[in-house]
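Down below is the structure, laid out as structure tokens.
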Amino acid sequence: MSGVLALLGGPRSAALHLGLIAVLAVLQFVLAEYHHIAMSRILVLACFAIGFNIAFGYTGLLSLGHALFFGAGMYGAGLAAQFLAVAGPGAFLIGLAAAIATTLIAGAIALRTAGVSFMIVTLMFAQAGYLTVYYFGAYTRGDEGFVVDATMRTLFGLALNDATVRYWIALALFAVCLVGALAVARSGLGRVLVAIRENEERARMLGYDVYRYKLTALVISGAMAGAAGAAYGLLFGYVGASFASIQYSILPLLWVLMGGAGVVLGPFLGTLAMFYLIDLTSGVTTAYLLVVGLALIALILFFPKGILGTLREKLGARGASWLP
Amino acid sequence: MAALDAQATADAKAPVLLRTQGLTRRFGGLTAVDSVDFALPEGEIRALIGPNGAGKTTFVSLLSGRIRPSAGRVEFDGRDVTQLKAHARVARGIAYTFQITSIFKAMSARENVMLAAQRRLTQGLLGPSEERLRAEADAALARVGLGSRADEPAGALSYGHQRLLEVAMGLGLAPRLLILDEPTQGLSDEEIAAFIDLVRDIARQSTVLLIEHNMQVVMGLADRITVLDRGAILAEGPPDAIRADEAVQRAYLGG
Ligand SMILES: Nc1ncnc2c1ncn2[C@@H]1O[C@H](COP(=O)(O)OP(=O)(O)OP(=O)(O)O)[C@@H](O)[C@H]1O
Ligand SMILES: [Mg+2]
């Protein structure tokens with residue numbers, strides 16, 4: 001029992017994170033249809049952001065190519081469902097495996113560089129992935145994308161086009177990623193990752209193989225991004241090139257910056273806030289991107305560490321016990 | 001020549017833990033370390049002294065693997081480690097404390113030392129328990145006199161205490177060779193006295209290579225002294241001989 005508590009970052013952190021999952025479970029019975037669907041999407045995308053946070057927030061690896069891993073998951077699952085007639089968990093696992101393999105290869109090469117070069121190399125990898133989607137246009141249908149056949153969108157006999165099923169699955173995936181991120185953050189591994197972020201040279205001179213740790217972090221990160229991509233394609237039934245575009249490399253960065261980099265709960269809050277910010281402003285004005293831009297500027301001015309990062313700092317030691 | 005004879009006797013007594021041959025490092029046109037042959041027997045406290053810019057930090061950086069040599073080789077415990085990366089050398093037992101304080105400022109002093117102990121105690125994927133790590137870290141902090149400051153953020157410690165934290169991190173690694181690069185910079189006289197006792201205590205388990213400008217510390221601690229000047233070994237021998245050496249006086253002691 002104390003082992004589980006430690007895994008969840010102590011009693012306060014456990015209460016907060018498990019509490020959130022419980023609230024989200026209940027919420028679906030209350031939410032209006034529109035918000036119900038929106039929330040399923042947010043939960044899946046939050047997994048993407050949680051993964052990004054492991055690389056960026058905890059390890060200090062600013063990747064501009066995470067769309068590659070999200071896309072690998074989505075296309076791995078989508079193409080398996082469409083052309084190999086693999087449904088349900090099989091397609092998801094193929095997507096996950098594709099994302100992990102892609103991260104391993106791209107990461108092993110990109111991590112030979114650091115800083116700005118790392119950003120550029122990851123960006124290039126993602127661009128190559130994006131172009132690959134067009135290259136195999138006969139299968140992927142490029143920009144236009146394809147709709148995953150409903151008969152393939154099943155999980156253990158449950159139809160994934162059912163909104164309630166979708167919500168439960170999205171929530172389950174979210175819970176796994178959130179608890180996984182908590183466990184990483186609170187483990188010895190997490191401590192080393194933060195040490196590498198804070199002072200890489202020092203970590204090396206304590207005997208840590210920095211390259212190996214970074215690659216580990218990147219693979220965990222890419223696996224979560226890929227899981228999100230695979231789930232997104234299967235749950236919502238559409239696979240298209242835009243999900244592999246630069247936009248989907250930048251979005252997780254914005255979500256994480258908004259919610260709080262290096263805070264386990266940050267990515268979820270950021271994804272939620274950004275989604276509704278765009279949703280609300282685009283209903284009012286066509287210049288909604290301007291509003292989003294201004295919101296980001298205000299955020300950087302007043303919450304430089306993101307909403308939860310700044311809050312945690314204000315709360316001091318108490319903050320750290322609630323928000324690892 | 002007396003220095004060389006003394007070297008031979010020292011070698012005969014204890015096995016050599018660390019040896020360099022023709023170790024050289026050039027920075028552009030500057031040869032910071034110039035073909036150094038050096039041997040350090042196990043169990044010794046060796047002081048490495050020399051004027052500013054003599055190449056002391058560069059030399060020990062070559063030992064720890066922080067920088068690559070331009071030529072020459074490094075042997076540790078009878079094995080050639082020249083090609084080994086820095087982290088792998090740490091795993092073999094070479095620990096380096098930075099001249100320019102390098103700690104994890106946002107973490108507590110305890111966590112800084114836990115990180116050192118964690119690497120040593122991790123086997124494969126299995127890390128030590130949190131309690132074990134804390135106990136190890138607190139013991140190391142107590143040894144350097146920072147026991148009461150374990151919970152403070154490392155960045156909030158005074159400069160002298162950050163230097164001691166560096167030493168505690170070195171202890172957390174339980175190294176076979178501990179390289180200390182000007183550890184007493186910024187310490188008060190009392191703290192220096194305590195530090196001298198600490199290094200004596202450390203030397204019962206580890207070999208110590210100490211770069212130091214404070215002559216009181218050097219003379220009080222070193223079994224032998226190596227003097228580096230312009231990248232080359234100028235003299236080597238026991239403290240008394242070094243104090244009396246004319247070349248050393250001219251180059252360094254300002255005599
Ligand atoms: N990375 C580097 N690039 C270029 N020159 C360097 C570099 N590191 C050291 N040097 C030069 O090499 C020489 C030796 O420097 P080093 O830091 O090893 O001296 P030191 O004996 O440790 O001096 P101090 O007592 O001031 O610490 C100096 O002239 C220094 O300017
Ligand atoms: Mg120096």
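Letters A, B, ... are given to chains in the order of the sequence lines, protein chains preceding strands, and every chain is numbered from 1.
- Looking only at side-chain heavy atoms (C-beta outward), Glu130(B) and Arg186(A) stay at 4.5 Å or farther from each other.
- Counting all heavy atoms, side chain and backbone alike, Glu198(A) lies closest to Phe104(B) at CB-CD2, 4.0 Å.
- Under the 4.5 Å side-chain criterion, counting only non-hydrogen atoms from C-beta, Arg191(A) is in contact with Glu111(B).
- Interatomic distance, CG of Leu206(A) versus CZ of Arg120(B), reported as 11.5 Å (0.5 Å rounding).
- By the salt bridge (Lys or Arg N to Asp or Glu O under 4.0 Å) test, Asp77(B) pairs with Arg176(B), sequence neighbours left out.
- Closest heavy-atom contact between Arg119(B) and Gly207(A): CD-O, 3.2 Å.
- In this structure, CZ in Arg204(A) is found 12.5 Å from CZ in Arg89(B), a value given to the nearest 0.5 Å.
- What you find for Tyr208(A) and His87(B) is that their closest heavy atoms are O-CB, 3.3 Å.
- Atoms CD1 and CE, on Ile179(B) and Met205(A) in that order, are 7.5 Å from each other to the nearest 0.5 Å.
- Residues forming a side chain to side chain contact (heavy atoms under 4.5 Å, CB included) with Leu187(B) (at least two apart in sequence, or on another chain): Leu164(B), Thr184(B), Glu191(B), Ile192(B), Phe195(B).
- Every side chain to side chain contact (heavy atoms under 4.5 Å, CB included) that Pro304(A) has, sequence neighbours left out, goes to Thr310(A).
- Proximity to chain A at a heavy-atom threshold of 4.5 Å picks out nothing from residues 139-160 of chain B.
- With rounding to the nearest 0.5 angstrom, the CZ atom of Phe98(B) is 4.5 Å from the CD atom of Glu201(A).
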